[in-house]
Amino acid sequence: MARRRGSTEESAAPGAEPRLARRRRAAVPIAFHRSVRAPDDLARVAEVLASRRPGGGGPVGAACEGLLESEVGVGRALLTTSCTHALEMAALLLDLEPGDEVILPSFTFSSTANAFVLRGARPVFCDIRPDTCNLDEEQLPALLTERTRAIVPVHYAGVACEMDRITEIAAAGGVAVVEDAAHGLFGTYKGRQLGSLGAMAALSFHETKNFTCGEGGALLLSDPALEERAEAIRDKGTNRAQFVRGQADKYTWKDVGSSYALADVLAAVLLAQFEQRDAVQTRRAEIWNAYADGLRDWAREYGVALPHVPEGCGPAYHLFHVVLGGTGLRSSLMEHLAADGIATGWHYVPLHSSPMGQRLGARPDDCPVAEAVSGGLLRLPLYPELRDVDVERVVERVSAWRPGRPG
Ligand SMILES: *Cc1c(COP(=O)(O)O)cnc(C)c1O
C-alpha cells in the first residue's frame with residue numbers, strides 16, 4: 001500500500017500514467033464506518049472474565065441499565081442481545097394475536113416489522129415525510145383500524161418523529177407506542193430523551209450504531225406495569241431476577257420467554273463507551289455540523305436535500321445523509337466519491353416493496369415517498385475517528401460533484 005502512494009516511483013511504471021493522471025493527489029481511503037472504541041475497553045472485559053461471572057444479568061449490565069435509566073429518563077432499562085430482540089420482547093409484552101395490526105414506517109430495517117410478524121401480527125406500512133424521512137404522522141389516522149395494536153415510530157438518523165401528534169393519535173385509538181430508537185440514543189424531542197416517549201422503546205448496540213458491543217440492544221420501559229413481565233420474558237420466562245433480589249422464595253417458570261439477556265462480558269464494552277458518551281456525541285455533532293455547513297450552498301444549488309431537524313429536536317447524530325433526485329444521480333455521486341477513496345452507503349430498501357412486504361399484502365405503490373427517498377439517499381462517513389482533514393476532504397469532493405458530470 002505504501003508503495004502505491006509514492007507517485008514518482010509509480011509514474012515511471014509503463015502503463016500507469018492514465019490512472020495516476022486522474023488522481024489529484026495520494027488519497028488515503030476514508031472508510032464509511034469505524035465502530036467506536038473506549039480506551040479501557042479491553043481492561044473492562046478482562047475484569048469481567050477474571051470475575052468468573054461473564055453471563056447476563058450481572059453487575060456490569062446493571063450499571064449500564066442504571067445509566068440508561070437516569071440519562072434517558074425511563075423506569076427500567078433491560079439490556080438485550082440486540083435491538084431486534086428488544087422489539088421481540090415488546091411484541092410479547094403486547095400479547096399480540098394473529099390478525100392484529102402494527103403500523104410502522106416502510107423506510108426502516110426488517111427487524112422493526114419482523115418482531116411483530118413473528119407473533120402473527122400484520123405490519124401496516126406507513127409512508128414517510130420527505131423532510132425527516134420519519135413516519136408521516138398525518139397518514140396514521142387513515143391506517144388505524146380496530147385491529148391496530150401498536151404504532152412503531154423509528155427516529156431516522158437520530159432525529160425525532162413528531163411524537164406529540166403520534167402519541168395523541170395512538171391514545172385516541174387506544175394503541176401502544178413502541179419507539180424503535182435504534183438510531184436515537186441521546187437525541188431529544190422538546191427537551192425529552194428519545195426512548196422515553198412511548199410505553200416501550202428499543203435501542204441497538206450493533207456495530208453500525210453510535211455505541212456498540214458488536215451485537216446488543218436494550219428495551220426501555222416507561223410503563224411500570226410492564227417491568228415484572230419484561231424481566232421474566234428476558235430470562236427464559238422465569239422469575240430469576242426477583243429470586244436474586246430476594247423477592248421470591250422459589251426460582252421457577254412463570255411466563256413465556258426466551259434468552260434475551262446481554263452477557264456482562266459484552267456489557268463491559270458498552271459501559272466503557274457510555275462513560276465516553278459526551279466526547280463521542282460531541283465529536284459526532286462537530287462532524288455532522290461541518291457537513292451541514294459545508295454542503296449548504298452546494299445542496300441548494302443542485303436541489304439536493306440535506307438532513308432536516310425540526311424545531312425542538314436535538315439530533316442523536318447517528319447519520320448524515322443527502323437525498324438526490326434519483327438512483328442515477330446517487331450512483332454518480334457515489335462513484336465520484338469512491339474514485340477519491342471515500343466510501344459512502346445507501347440505506348433501506350422500503351419494506352412495503354420488499355419481497356416479504358409483498359408477500360404480506362403490501363402494494364408496490366403504497367409508499368411513494370419512501371420509494372423516492374430510498375432511491376436517492378446517500379450516507380456520508382460519520383464516526384468520531386474521522387479527522388477534520390477527512391471531513392474537509394469529503395465536503396470538498398461532494399461540493400465538486402455536479403449533476404450530469406460524473407467522475
Ligand atoms: C440497527 C437497527 C435495528 C436492529 O438492530 P440490531 O441491534 O442489529 O438488532 C432495528 N431497527 C433499526 C431502525 C435499526 O437501524
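Ligands are counted one by one from 1 in listed order, and the atoms in each one are counted from 1 as well. Side chains are part of it too, since the values below use all heavy atoms of this structure and drop only hydrogens, waters and symmetry mates. The residues of the chain are indexed from 1 along the displayed sequence.
- If you check the side chains of N134 and E162, you find no donor sitting under 3.5 Å from an acceptor.
- Looking at heavy atoms from C-beta onward, I287 lies out of side-chain contact with Y383 at the 4.5 angstrom threshold.
- Of the charged side-chain nitrogens involved, none lies within less than 4.0 Å of a carboxylate oxygen, so that D264 and R53 do not count as a salt-bridged pair.
- Under the 4.0 Å criterion applied to side-chain N and carboxylate O atoms, R76 and E65 are assigned as salt-bridge partners.
- For ligand 1 and T108, the ligand atoms under 4.0 Å from any heavy atom of the residue are 13 (C).
- Between Q139 and D136, the side chains place a donor N or O and an acceptor N or O closer than 3.5 Å (distance only, hydrogens not considered).
- Atom 15 (O) of ligand 1 has its closest protein heavy atom at H183 NE2, 2.7 Å.
- Of the protein's heavy atoms, F109 CD2, 3.8 Å lies nearest to atom 3 (C) of ligand 1.
- Between R165 and E168, at least one side-chain nitrogen of the basic residue sits less than 4.0 Å from a carboxylate oxygen of the acidic one, meeting the salt-bridge criterion.
- Residues H347 and Y156 place their aromatic rings such that the two centres sit under 6.0 Å apart.
- Of all the heavy atoms of F107, none lies under 4.0 Å from any atom of ligand 1, so neither backbone nor side chain is involved.
- Under the 4.0 Å criterion applied to side-chain N and carboxylate O atoms, R283 and D388 are assigned as salt-bridge partners.
- Below 3.5 Å of separation, one finds an N or O of Y348 facing an N or O of ligand 1.
- Of all protein heavy atoms, the one closest to atom 9 (O) of ligand 1 is T84 OG1, 2.5 Å.
- Contacts of T112 with ligand 1, taken as heavy-atom pairs under 4.0 Å, involve the side chain alone.
- Within the listing of ligand 1, atoms 2 (C), 11 (N), 12 (C), 13 (C), 14 (C), 15 (O) sit less than 4.0 angstrom from a heavy atom of A182.
- Here C83 has heavy atoms under 4.0 Å from ligand 1 in both its backbone and its side chain.
- At least one heavy atom of G216 sits closer than 4.0 Å to an atom of ligand 1.
- Within ligand 1, counting atoms from 1 as listed, the ones closer than 4.0 Å to a heavy atom of V154 are 13 (C).
- Checked by distance only, ligand 1 and D180 come closer than 3.5 Å through their nitrogen or oxygen atoms.
- Each of the atoms 7 (O), 9 (O) of ligand 1 lies under 4.0 Å from some heavy atom of S82.
- Considering backbone and side-chain atoms together, S111 places no N or O closer than 3.5 Å to any N or O of ligand 1.
- Scanning all protein heavy atoms for the shortest distance to atom 1 (C) of ligand 1 gives K209 NZ, 1.7 Å.
- Screening residues 363-374 for side chain to side chain donor-acceptor pair (under 3.5 Å), with sequence neighbours left out, gives H352-E371, S353-E371, R363-D366.
- Checked against a 6.0 Å centroid threshold, the rings of F274 and F205 count as neighbours.
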